[in-house]
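The structure appears right after this line, and notes come after that.
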Amino acid sequence: MVRRALLRACAALQQAAGPSAASGAAACTRSVPAFAQLARLEQEGAIGATQAWQRCQLSTSSLAQQAALTEVPVEGNAESLLKEIDAIITNEAATAKEVADAAVSLAYMQAKGNRRLWGKVFEKAGALKSSFDAPSLSNFMWAASTAGVGHFKTLFELSGPAASMMKTLTPTQLSIVVEALGKAGAKDVEFFGQVSSQVSSNMGAFKPAELSRILWGFAAAGVEDAAFVKAVAKALSDKARDLGGSEAVQAIWGLARSRTADKPALDALVNVAKTKLDSGVDAAALAWSLGYINYKLDAATAKTMASAVQAAAPGLTPAHAIDAAWGLGVTGAGTKESVGALFSNVASAIDKAPESLDPFQVAALYEAAAMTPEAKLPEQVAAFAAKMYALADEGTKSKLPSAVLTFKEELAEAAAYGMGARYRPEIAAARKNFAVVTPDGVAMDIAVSLDNNTKFAVEAVPFQQLSSANTPLGPAAARAKLLESKGYKGVLISAADWAGLADSKAKAKYLLAAIQKALPAASSKVSGLMSAVDKPFDPYQ
């Protein structure tokens, strides 16, 4: 049976983890959701028998009743267990529960690399999608999410059965399903709409950790439900102290990705997260999340976060190291030591396999280097990052939505008008001259030199880069810091503010006011340009 394979997998892990973890793990196998919670604790290296019993909601007496499970012998090796699981899920009589148990077994055995077997599991799950009950569905979803494997089509199709059994899912089960669908990017609008209604109508029934998973799932799936996110954020801020470090970071990530700049909620969650950073990945995720939402850190929190990231740097993946360095740079928490440690990690990986990182990740590395200049990248790595930044920037521009392109066109017209151009040929010539590319390939659409010492670059900030409070998100802030490192003051123009301007004259004056605010030293010169905008234009003069 798959259950026996699961127990044997537990036994193998118990031998490695020690008797304290063993007794808790054995007891937890009678309830896979609890077993799942234990697996998370064990993966984080924070497990003991007492904590395991509490997480599994077991008393010592119930643990004693399950003690026989600790005596399950380890027979053969992992390969034999995989073959046993394979035989069961390929059986035509396999049930949805057995498929779920098989997935949990594979997740607990960390058999992510066995794509063939996982493929069979997903294929069988798709065929049996209408047969899942609430426990089996949540167990299967947990296993797929925890193992880091997925099959979009199967998981998306399982959102239908999940929606149909919404009322029977416990808060824990529902949170696990939402988290898994979010991780898979399965944006089933009907399902998430039902989740929103279900949770909103009974928010008090959900524990903070469950709300954290749900918030994360909504954000990861790209579901936009501002009212729901705000309600969950309020509930989390009220119970933030009950969250663990990973759970607090997960909630912060969810708020960041949903662009929700809820300061009271973020303050409460950050206060918890900074004192409970249990892993390097959590520290990196916290840095990235706070950078993305462009959160303003106090000095103590910045120091705590930088120290945690620095200590974790050698064990992070290159992608996580880049995320952390970028987040430290945006928040201003980066130091030579913390970011330097992260750069050492990434530089080593790039030296070994430059193709191992996505161009957009390397582009973020380039921004990180500009934001914390005292931490130096090796020369060859810096040159490679500059090329990837230019490539990523070009790729992004080629895919801009029409609304963003229109915004950028209007901004260029207003800049030309504000700088004194009036006739169409003058405006066209000014716009052409605005385009600048730095020696290392950073392109600017609207770069202006008021004099030899005063240069600025106007940057359009589309709605996608604005928070719920209409403030620029981390990507816009990082771009401004990069431009400043090249000698150009970044002038960020919000799409939300721009949309309310009536005509070309109003837009030119708004832009000039933004330039004046960003460059106080050039105030008198900009005031002269603003006065010129107010003067009537006679085309025959």
Side-chain angles (χ1 to χ4, degrees), residues 390 393-466 472 476 479-541:
D393 187 43
E394 185 178 345
T396 299
K397 288 178 178 178
S398 68
K399 298 178 182 178
L400 288 176
S402 59
V404 177
L405 290 173
T406 299
F407 176 27
K408 292 169 75 73
E409 287 284 324
E410 291 179 358
L411 202 52
E413 292 269 338
Y417 193 90
M419 292 298 113
R422 296 293 182 269
Y423 295 101
R424 296 309 304 173
E426 288 179 329
I427 292 175
R431 290 184 55 184
K432 184 177 180 180
N433 291 331
F434 285 157
V436 171
V437 179
T438 66
D440 52 354
V442 176
M444 290 168 274
D445 294 329
I446 307 173
V448 180
S449 297
L450 287 178
D451 54 49
N452 292 335
N453 299 317
T454 309
K455 298 189 291 185
F456 64 88
V458 178
E459 290 288 310
V461 184
F463 287 103
Q464 297 90 330
Q465 291 186 12
L466 292 172
R479 170 73 177 180
K481 289 190 175 187
L482 171 64
L483 296 179
E484 191 162 356
S485 74
K486 306 302 176 186
Y488 291 83
K489 181 68 176 179
V491 179
L492 304 181
I493 305 299
S494 159
D497 293 341
W498 193 258
L501 300 174
D503 53 31
S504 58
K505 182 176 287 190
K507 291 173 180 176
K509 291 185 69 175
Y510 176 88
L511 176 57
L512 288 170
I515 294 168
Q516 191 173 45
K517 183 178 180 181
L519 296 166
S523 180
S524 60
K525 188 161 189 175
V526 176
S527 293
L529 292 171
M530 293 179 74
S531 297
V533 170
D534 284 329
K535 292 180 181 178
F537 170 55
D538 181 2
Y540 298 104
Q541 186 175 0

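What's counted below: heavy atoms across the whole structure, side chains too, no hydrogens, waters or symmetry copies.
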Got [X] and [Y] here, is their nearest side-chain heavy-atom distance under 4.5 Å?
{"X": "Pro472", "Y": "Glu459", "answer": "no"}
{"X": "Glu426", "Y": "Met419", "answer": "no"}
{"X": "Ile446", "Y": "Val491", "answer": "no"}
{"X": "Asp445", "Y": "Phe434", "answer": "no"}
{"X": "Leu501", "Y": "Glu410", "answer": "no"}
{"X": "Lys525", "Y": "Thr454", "answer": "no"}
{"X": "Val533", "Y": "Met530", "answer": "no"}

Return yes when atom NZ of Lys509 has more than 12 non-hydrogen atoms of other residues, nucleotides or ligands closer than 6.0 Å, and no otherwise.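 Not buried by this count: 12 neighbours or fewer within 6.0 Å.
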Would you say that more than 12 heavy atoms from the other residues, nucleotides or ligands in this model lie under 6.0 Å from the NZ of Lys517, or not?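 No, because the 6.0 Å sphere around NZ of Lys517 holds 12 heavy atoms or fewer from other groups.
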I'd like to check the side chain to side chain contact (heavy atoms under 4.5 Å, CB included) partners of Gln465; sequence neighbours left out, ordered by chain and number. Val461, Pro462, Pro475, Ala476
Are any side-chain N or O atoms of Lys489 and backbone N or O atoms of Leu519, one a donor and one an acceptor, separated by less than 3.5 Å?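 Here the side-chain-to-backbone pair does not exist.
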Measure up the Trp498 and Tyr510 rings against each other and bin them: parallel (under 30°), tilted (30 to 60°), perpendicular (over 60°).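 Aromatic pair Trp498/Tyr510 classed perpendicular.
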Among residues at least two apart in sequence or on other chains, which ones pass salt bridge (charged side-chain N to carboxylate O under 4.0 Å, His left out) with Glu409? Arg431
